[in-house]
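Note that the numbering runs from 1 along the sequence shown for the chain. Below, all heavy atoms of this structure are taken into account, side chains as well, without hydrogens, waters or symmetry copies.
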Amino acid sequence: MLVRGYGRSLLGMAIGAGICYCAYRLLFAQRRKKKQRDRVGASSSSAGEKVLGVSALRYLHETQAATDKPGNVSTSVNDLQPHHIAKLLDILATNSDSSLQEKVLITLCNSAAFSVNHDIIRNLDGIHIIAKALSSSSEQTKVNALNALNNLSMNVQNQELIKDYIYQICSAISLSSLNSEVQLAGLRLIINMSVTDNYHNMVADHLPYLLHLLAEGNNNIQIHTLKVLVNLSANPAMTQPLLTTKGSQSLTCLFNSRINREILVRVLTFAANLSKHLGSGNGHDLHANYNEDCLFNLLFGDSAPLQNDIAALFQYPDVEVKEQVAILLINLARLRQM
């Protein structure tokens with residue numbers, strides 16, 4: 001399937017790129033090397049707002065009065081005790097006031113930024129209670145719930161519970177308006193959940209929409225989508241599902257020196273990961289009958305622009321871009337000899 005007409009020329013470029021690449025690595029040996037995955041994930045979320053407001057705290061205080069009478073409750077998440085968190089979760093579970101739910105979720109999100117609270121919230125069934133807010137009709141409630149779950153996902157045990165909501169999270173992303181805060185918050189959470197291979201198969205049904213976001217989203221959405229795709233493409237088991245997914249022809253425009261650098265380096269890493277696994281003996285058939293509009297043909301097909309334009313990107317003035325271009329050229333040359 002892969003064109004061979006200029007295979008010898010491409011092989012020469014790949015060898016030259018490999019030599020340049022080795023020299024490049026020697027010169028910059030002390031520079032920090034970025035991993036193939038965005039393993040830091042999306043980091044923790046900050047709600048960007050005040051914690052629980054005075055009126056909500058008064059409500060919380062009144063609900064406590066008949067039981068433990070804790071006295072004044074501080075508005076600082078640093079001072080929240082387990083019984084405060086339990087009351088917040090109780091309010092979230094039993095009150096339908098969306099304004100109050102939003103404020104409670106902001107406070108829970110901020111408290112979940114502290115690892116000491118991860119186990120506390122999980123043991124109070126907090127992950128299930130927070131996840132129920134994903135079905136709210138309020139967009140802001142969904143955003144706050146996703147942000148809280150994102151912070152909680154920094155904990156491996158919490159991920160084991162959050163995985164049950166991956167389909168719902170992906171659905172929230174696909175059903176929300178393009179470039180919305182819900183999409184951004186959902187992508188941040190999926191980035192963290194895709195750092196390991198454990199839950200990649202749960203995202204597979206939503207690959208077409210991820211490619212849609214990559215083609216149509218703004219820069220911020222594209223960067224976050226690529227972080228997910230880079231994580232997925234690092235897993236050999238996801239190569240076939242990714243390559244057989246339908247994609248827009250406009251995706252090839254991302255392999256351009258004029259594109260945002262954060263997008264370019266990640267889209268190159270995504271393609272390099274896929275080319276590494278393709279035909280590597282992991283069951284990914286190089287000569288399978290791929291549909292014309294699938295990602296395989298967009299990236300590696302006979303007339304794919306990537307085949308002709310990738311070498312020019314080796315002139316791009318950035319270490320990581322040059323590194324990924326060299327890897328991709330070498331892999332393309334390998335594929336042409338198969």
Side-chain angles (χ1 to χ4, degrees), residues 40-53 56-57 59-60 73-173 175-176 180-195 199 224 228:
V40 176
S43 75
S44 60
S45 298
S46 173
E49 302 180 42
K50 294 186 298 182
V51 295
L52 196 60
L57 282 170
Y59 179 85
L60 171 59
V73 180
S74 169
T75 58
S76 171
V77 291
N78 293 320
D79 297 329
L80 287 180
Q81 300 299 314
H83 65 275
H84 298 146
I85 294 175
K87 288 296 182 182
L88 287 168
L89 291 169
D90 182 62
I91 292 172
L92 185 60
T94 59
N95 195 285
S96 59
D97 183 340
S98 61
S99 177
L100 182 56
Q101 286 184 335
E102 289 172 16
K103 292 175 181 178
V104 170
L105 284 166
I106 288 171
T107 303
L108 288 170
C109 174
N110 291 337
S111 67
F114 298 91
S115 59
V116 67
N117 293 326
H118 288 174
D119 293 342
I120 294 171
I121 294 174
R122 182 182 67 253
N123 292 334
L124 290 169
D125 199 28
I127 290 174
H128 173 68
I129 293 170
I130 292 170
K132 286 182 68 175
L134 294 175
S135 60
S136 170
S137 59
S138 165
E139 292 292 291
Q140 192 57 52
T141 297
K142 289 181 184 177
V143 170
N144 293 350
L146 289 166
N147 285 340
L149 291 173
N150 181 50
N151 285 352
L152 289 166
S153 72
M154 302 294 180
N155 179 293
V156 174
Q157 289 177 285
N158 287 347
Q159 286 190 2
E160 276 296 305
L161 298 179
I162 295 172
K163 77 174 191 296
D164 294 336
Y165 303 98
I166 286 179
Y167 188 88
Q168 189 175 357
I169 294 163
C170 290
S171 295
I173 294 171
L175 294 174
S176 298
S180 66
E181 287 300 312
V182 171
Q183 286 191 338
L184 195 57
L187 287 169
R188 281 196 295 261
L189 177 52
I190 296 300
I191 291 167
N192 282 343
M193 293 297 292
S194 64
V195 168
Y199 316 115
H224 282 76
V228 175

Original post:
Say you draw a straight line from OG of Ser194 to CG of Leu189; how long is it, rounded to the nearest 0.5 Å?
Top reply: 9.5 Å
Subject >> Residues which pass ring pair (Phe, Tyr, Trp, His ring centres under 6.0 Å) with Tyr167, listed by chain and number, not counting sequence neighbours >> reply: His206
**OP:** Flag the pair Leu187 / Ile173 as yes when at least one side-chain heavy-atom distance between them is below 4.5 Å, and no otherwise.
**Re:** yes
**OP:** Measure the spacing between NE2 of His83 and CG of Asp90 and express it to the nearest 0.5 Å.
**Re:** 13.5 Å
**OP:** Using the test side-chain contact (heavy atoms from CB on, under 4.5 Å), find all partners of Leu161 that sit at least two apart in sequence or belong to another chain.
**Re:** Arg122, Ile127
Original post:
Sub-3.5 Å donor-acceptor pair from the side chain of Asn123 to the main-chain atoms of Asp119, do we have one?
Top reply: yes
**OP:** Identify the two heavy atoms, one from Gln101 and one from Leu92, that lie closest to each other, and give their separation to 0.1 Å.
**Re:** NE2-O, 3.7 Å
Subject >> Heavy-atom closest contact (Gly186 atom, Ile169 atom, distance) >> reply: O-CG2, 4.1 Å
**OP:** Heavy atoms only: give me the nearest Ser176-Ser180 pair and the separation to one decimal.
**Re:** CB-OG, 3.4 Å
Original post:
Which heavy atom of Ser111 sits nearest a heavy atom of Leu80, and at what distance?
Top reply: CB-CD1, 4.1 Å
Subject >> Distance-only donor-acceptor check, side chains Glu102 and Ser138, under 3.5 Å >> reply: yes
Original post:
So how far is it from Gln168 CD to Ile162 CD1, rounded to the nearest 0.5 Å?
Top reply: 12.5 Å
Original post:
Would you say the side-chain atoms of Asn155 pair up with the backbone N or O of His118, donor to acceptor, closer than 3.5 Å?
Top reply: no
**OP:** Only counting residues at least two apart or in another chain, list the ones meeting side-chain contact (heavy atoms from CB on, under 4.5 Å) with Ala148.
**Re:** Cys109, Ile130
Original post:
Taking the side chain from Glu181 and the backbone from Gln140, do they hold a donor-acceptor pair closer than 3.5 Å?
Top reply: no
Subject >> Considering all heavy atoms, the nearest Ala185-Leu146 contact >> reply: CB-CB, 3.8 Å
Original post:
Looking only at heavy atoms, what is the nearest atom pair of Lys142 and Leu134, with distance?
Top reply: CE-O, 3.4 Å
Original post:
Is it true that a side-chain atom of Lys103 and a backbone atom of Leu100 form a donor plus acceptor pair closer than 3.5 Å?
Top reply: no
Subject >> Approximate separation, where rounding is to 0.5 Å, of Asn147 CG and Arg188 CZ >> reply: 5.0 Å
Original post:
For the side-chain contact (heavy atoms from CB on, under 4.5 Å) test, which of Val104, Ile106, Leu149 pairs with Asn144?
Top reply: Ile106
Subject >> Leu124, Ile121, Ile129, Leu108 screened by side-chain contact (heavy atoms from CB on, under 4.5 Å) with Leu88, the one that passes >> reply: Leu108
Original post:
From Ser115 OG over to Asn158 CG, what is the distance, rounded to the nearest 0.5 angstrom?
Top reply: 11.0 Å
Subject >> Cys170 SG to Met193 CE distance, which is reported to the nearest 0.5 Å >> reply: 10.0 Å
